[in-house]
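What you see is a predicted model, and the numbers here were worked out from it, not measured in a lab.
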Amino acid sequence: IYVRYTGGVHVLVNGHASERLRAAVGGVTHDLPPRGYRAWTEDGLVLVESGDANGTGPRRDFAKGPDYIFDGGESTCLNDRGRDRLRSIR
C-alpha cells in the first residue's frame with residue numbers, strides 16, 4: 001500500500017506476511033520486509049521505518065525528526081527541545 005498525503009507525507013506499507021515488497025516511489029526503489037513500513041516527508045525532515053537492511057540485517061525500528069533520532073530502543077536528542085520532549089514522555 002502506498003499513500004501520499006496532502007502536505008507531502010508519504011507512507012509505504014508491506015502488509016504481506018511472508019513476501020518482500022519492492023516498490024519505486026519518486027525514482028527511489030524501496031525494499032520492505034514482510035509487514036515492514038516506511039513513512040517520510042518530502043522535505044526530508046522526518047523518516048520512520050520498520051524494516052531491515054534489504055534482507056541482510058536484523059529487523060529494526062527507526063525514526064528521525066528535527067529534534068531526535070530513535071534507533072531500535074536508543075534515543076539521541078539533537079537539541080534541547082528534543083531532550084525536553086523525551087523527558088516528558090518517559
Test of understanding: with salt bridge (Lys or Arg N to Asp or Glu O under 4.0 Å), list the residues that count as partners of E19, not counting sequence neighbours. none

Would you kindly confirm whether L45 and I69 end up in one hydrophobic cluster when ILVMFWY residues are joined by side chain heavy atoms under 4.5 Å apart? no

Can you give me the closest heavy-atom contact between A39 and V11, atom names plus distance? CB-CG2, 4.1 Å

Shortest non-hydrogen separation from P34 to A17 and the atoms involved: CB-O, 3.4 Å

Can you hop from V28 to L47 via hydrophobic side chains spaced under 4.5 Å? no

Sequence neighbours excluded, which residues qualify as ring pair (Phe, Tyr, Trp, His ring centres under 6.0 Å) partners of H10? Y2, W40

Given side chains that start at C-beta, do those of H16 and L21 come closer than 4.5 Å, heavy atoms only? no

Using side chain to side chain contact (heavy atoms under 4.5 Å, CB included), reason through Y37 and V48 one step at a time and then give a plain yes or no. CA-CA 8 Å; Y37 59 85; V48 178; 4.0 Å; yes

Does the N14 side chain pair with the main chain of P33, one donor and one acceptor, at a distance under 3.5 Å? yes

List for me each residue that meets salt bridge (Lys or Arg N to Asp or Glu O under 4.0 Å) alongside R4, sequence neighbours excluded, and say none if there are none. E42

Between D52 and R59 (salt bridge meaning N to carboxylate O under 4.0 Å), is one present in this structure? no

Out of curiosity, does L32 fall in the hydrophobic cluster containing V46 (side-chain heavy atoms, cut-off under 4.5 Å, transitive links)? no

Give a yes or no on whether L12 and I1 share a hydrophobic cluster (residues Ile, Leu, Val, Met, Phe, Trp, Tyr; joining criterion: side-chain heavy atoms under 4.5 Å apart). no

